[in-house]
Amino acid sequence: MGQGADFRRSAAGKISASYCLCSPTEKGNFLVVELCQSQVRTLLVTLYGDGNMSPSMVYKIFNLPEGITQGKGEALFDFIAQCLSHFLAETIRSDPSKAEERLPVGFVFPFTCRQTQLDKAELLSWSKGFNCNDVLGKDVVELLQSAINKQEVGLCHMDVVALMNDTVGTMMTCSTEARPCEVAMIVGETWAYLVETADETSGRMCVNTEWGCFGDDGTLNDIITPYDECVDVESSNPGEKRFEKMVGTLYLGEIVRHALIGLTAEKAIFTGTDIGVLREKGVFTMHNEEGTTEVKRILEVLGLQPSERDCGRVQQICRAVVGRAATLHATGLAAILSYMCQTRDMETLMVNVGMDGELYKGYRRLLSPECMATLLPSRDGSGRGAAMVTAVALRLAALRREVNEVLAPLRLSRADLEKVQALMREEMERGLGKETNATASVRMLPTYVSHTPDGTERGDFLALDLGGTNFRVLVVRVTEEGITMASEIYVIPVSIMQGTGEALFDHIIDCIIDFQTKQNLVTDMLPLGFTFSFPCQQMGLDKALLLTWTKGFSASGCVGQDVVQLLRDAARRMQVVALVNDTVGTMMACGYDDPKCEIGLIVGTGTNACYMEEMRNMGTVEGDQGRMCINMEWGAFGDNGCLDHLFTHFDQVVDQSTINPGKQRFEKLISGMYLGEIVRQILMAMTEKHLLFQGKLSSKLQTKNIFQTKFLSTIELSNGLALRQIQAILNELEIEASFEDSVLLREVCQTVSLRAAQLCAAGLAAVVEKMRENQGLEQLSVTVGVDGTLYKLHPCFSTNLQNTLKDLAPNCNVSFMPSEDGSGKGAALVAAVASRAANAME
Ligand code: 0WK
Ligand code: BGC
């Protein structure tokens, strides 16, 4: 029977998702309404927070009026709403304690729907003889809610908070804390449903297979009999629901009827009897297996005079039809169980299967020996389960409201970003202004780099790259053929970062000497380019006063000093010809391959940008011809309070815990040194509010810097391993977490990193718009050379940044060029340009 695999392939198209994540805490009164074959069942279920062990239930059944299943959809939903109100009025009359302000309603709707939320489901197709107009393609939750709102109940307001298929209700009904149920099947009327939980990238979801449509693509043609064809042709939806028409009781009788007609035609049965009655559709219904006497009675009721032999044959045919239906159910169930076994990499799968409907005893063990399935008959239909799902919907909605409250301040609107862009522009203008520069938060520092490489650079250069995650020493050879480099990474211990300036520069010299020794350069007097990634007031290419330290550095005796001199002092023989910021180094390195590269961006430990500005706009440097690269030092944007409206409580806490509180405010919203800490603060707040980790605050999570920014990249990855990697990180932090916790953790990380990317984009939008205006262009086309671990390694930072930039600066066509070799190469190129200029002067 290859049907299992075929089953999985063809049913897949029809799968609809339904969300249900139960916990033992669900409690309260829940109204449930079930639309069944010929009736509406209304229930009031009270849950006691005991894991669905002993809910109490009262219910009432209303028969569907004749013809309503073929009439207007509005009439059907009005009827359902009326049943609800009558039931409620009656129940509250008999037990006033059940009266509530608002009552949540769970709606069991056993038809094929595309479900996009627990309370949003679009009807895809009717069946089971239902065919109301004006419902297909509509959200049936909305239809029921508006029918309820029309009711003049006045007793209490009913909110439909969850819709589910009857299979899901059955699974939840059979599922208790002690005996979780992960599969459900209803074999009754016409449908066979399988609910399966598939664990993929992030946790599990209950999937309603809608397997009734299995075979609609012809997969089952080799087992479909002529009798099945007759039943299908006569049905209201020929060609559809082929599997259902072979297994559903609504059709089994029809299959038998056509089999009897066929056999009569072959004179194998009812010889000499008028079987005209058998030509009437629906005249033969399936009853539970009876002895030949009862068969005889049933046939005589139909006006047939069956012989003993006829009765035996009719019984045989019934058994064959029911037997086949049970086998096909078992086949489908086996296919799903073995699929669950495979997707969970399990040797053996032990699973409880919630069952409802009649035909389910039979042949399962033969087909999936690796699965141990316990069939749990549902005693209460799907009503009790529906109440569980409704309780979950209510809890999730409450959780969602609280989570949104916590995260709302971190979610920036377009207006927020436009305001940041405008403020950045304002600060840029103030930074460029001779009078206003000193008080501007964005210092717009001249770099004395007036040209980007033109390819004529030549020579060997030493380069240093200090200020990022790694300190690197490089030797760079620039020839006609291009650039070759060798480099070595050295560690700058925190004790050196936060010790004396002398010790820091001595350490740098030690690294250079180590590198020169390894590269046989000891005797060479190579020009050196120094990438120094901290705010410096440059007086020239090789003269730069350190304005302030950032990124955890605080070496004493350096602020206000000429950094080039500090290095020269440390190394008597060193020929430092250029000091550049890492943004400038990155722009130059990328500019060597792309002449349109006129902006440098770093989003790593820290963040900053530089760009080529017109000298006429720079009030802080003499001359107004040509252009010069401006190191914006945008990390300090907002240090004058202009961004205070954006700072959340979490940002304040993080800022206060740094060695430079109140400084680098923009950087502290964006860069890698701080994002992990912001997330940690949010996680602690959510834990205290019992929104996460069951309110248990692990001591590790209270440790500063324990939640590294690289965790965000791992957690926001959306591949098959994500859940396991999130679990691994939480284990490392000694945090016990549920699947929901992992999903919420990811949402927190996504919110923080998205804000960072958007703010970065708002800053860049101000820069490119200024350059476009500078050049008086309608449309600017420019390249940004970019570096930094956050930009390069975070799974969606760069995309979010680029999408936001496109939105904020539509007249600028901006491409991004990740720097391959870092800004050391750029520093060497600046040294090359400087050397070329110096040689030209001699
Ligand atoms: C690599 C560059 C270096 C820069 C760093 C920034 O070569 O100059 O400072 O990127 O990224 P981070 O290492 O801070 O992530
Ligand atoms: C520094 C900048 C540097 C940026 C990126 C900031 O903290 O002030 O000079 O460009 O980090 O490394």
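Every number for a ligand or one of its atoms is a count from 1 in the order of the listing.
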[X] with [Y]: basic N within carboxylate O range, under 4.0 Å:
{"X": "Glu598", "Y": "Lys770", "answer": "no"}
{"X": "Lys518", "Y": "Glu488", "answer": "yes"}
{"X": "Asp460", "Y": "Arg477", "answer": "yes"}

Looking at Leu547, Thr620, Leu546, which hits side-chain contact (heavy atoms from CB on, under 4.5 Å) with Gln537?
Leu547
How are the rings of Phe797 and His794 set relative to one another: parallel (under 30°), tilted (30 to 60°) or perpendicular (over 60°)?
perpendicular
[atom]: which protein heavy atom is closest, and how many Å away?
{"atom": "atom 13 (O) of ligand 1", "answer": "Thr469 OG1, 2.6 Å"}
{"atom": "atom 15 (O) of ligand 1", "answer": "Thr789 OG1, 2.4 Å"}
{"atom": "atom 4 (C) of ligand 1", "answer": "Asp582 OD2, 3.5 Å"}
{"atom": "atom 11 (O) of ligand 1", "answer": "Gly788 CA, 3.1 Å"}
{"atom": "atom 10 (O) of ligand 2", "answer": "Asp582 OD1, 2.5 Å"}
{"atom": "atom 6 (C) of ligand 1", "answer": "Ile602 CG2, 3.6 Å"}
{"atom": "atom 2 (C) of ligand 1", "answer": "Asp465 OD2, 3.4 Å"}
{"atom": "atom 5 (C) of ligand 1", "answer": "Gly468 CA, 4.2 Å"}
{"atom": "atom 14 (O) of ligand 1", "answer": "Thr605 OG1, 2.5 Å"}

For the [atom1] atom of [X] and the [atom2] atom of [Y], what is their distance to the nearest 0.5 Å?
{"X": "Tyr611", "Y": "Asn774", "atom1": "OH", "atom2": "CG", "answer": "6.5 Å"}
{"X": "Asp416", "Y": "Gln421", "atom1": "CG", "atom2": "CD", "answer": "13.0 Å"}
{"X": "Cys642", "Y": "Met424", "atom1": "SG", "atom2": "CE", "answer": "8.5 Å"}
{"X": "Glu426", "Y": "Lys419", "atom1": "CD", "atom2": "NZ", "answer": "10.0 Å"}

May I ask whether Gly585 places a heavy atom under 4.0 Å from ligand 1?
no
Numbering as shown, the atoms of ligand 2 that approach [X] to under 4.0 Å (heavy-atom distance):
{"X": "Gly606", "value": "5 (C), 11 (O)"}
{"X": "Asn608", "value": "2 (C), 3 (C), 4 (C), 9 (O), 10 (O)"}
{"X": "Gln664", "value": "7 (O), 8 (O)"}
{"X": "Pro535", "value": "8 (O), 9 (O)"}
{"X": "Ile602", "value": "5 (C), 12 (O)"}

Relative to atom 8 (O) of ligand 2, which among Glu667, Arg443, Glu633 owns the nearest non-hydrogen atom?
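Considering heavy atoms of Glu667, Arg443, Glu633, the nearest to atom 8 (O) of ligand 2 sits in Glu633.
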Nearest to atom 1 (C) of ligand 1 by heavy atom, Thr709, Asp787, Thr531, Asn581: which?
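Answer by nearest heavy atom: Asp787.
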For [X], is at least one N or O under 3.5 Å away from an N or O on ligand 2?
{"X": "Thr583", "result": "no"}
{"X": "Thr550", "result": "yes"}
{"X": "Phe534", "result": "yes"}

If we only consider heavy atoms of Gly635, is any one of them less than 4.0 Å away from an atom in ligand 2?
no
May I have the step-by-step check of side chain to side chain contact (heavy atoms under 4.5 Å, CB included) for Ile682 and Thr751, ending in yes or no?
CA-CA 11 Å; Ile682 298 169; Thr751 306; over 6 Å; no
Please determine whether side chain to side chain contact (heavy atoms under 4.5 Å, CB included) holds for the pair Ile678 and Arg755, giving the CA-CA distance in whole Å, both sets of side-chain angles, and the decisive distance to 0.1 Å.
CA-CA 11 Å; Ile678 297 171; Arg755 180 184 70 161; 3.7 Å; yes
Could you point out which residue of Thr607, Thr583, Asn608 forms a side chain to side chain donor-acceptor pair (under 3.5 Å) with Trp634?
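When side chain to side chain donor-acceptor pair (under 3.5 Å) is applied between Trp634 and each of Thr607, Thr583, Asn608, only Thr607 qualifies.
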Atoms of ligand 1 less than 4.0 Å from Ser533 heavy atoms?
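The list of qualifying atoms is 9 (O).
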Which of the ligand 1 atoms, numbered from 1, are nearer than 4.0 Å to a heavy atom of Gly604:
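Here the atoms of ligand 1 in question are 11 (O), 12 (P), 14 (O), 15 (O).
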Using only atom types and a distance under 3.5 Å, with no angle test, would you say the side chain of Arg616 pairs donor to acceptor with the backbone of Asp624?
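The answer is no, because no donor-acceptor pair under 3.5 Å joins these two groups.
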Taking non-hydrogen atoms only, is Thr607 closer than 4.0 angstrom to ligand 2 via side chain, backbone, both or neither?
backbone
With a 3.5 Å cut-off and no angle check, do the side chains of Thr804 and Gln758 form a donor-acceptor pair?
no
Looking only at heavy atoms, is any part of Ser823 under 4.0 Å from ligand 1, and if so is it the side chain, the backbone, or both, or is it neither?
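Both the backbone and the side chain of Ser823 come within reach of ligand 1.
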Please walk me through it: do Met497 and Leu504 pass side chain to side chain contact (heavy atoms under 4.5 Å, CB included)?
CA-CA 7 Å; Met497 287 165 69; Leu504 172 64; over 6 Å; no
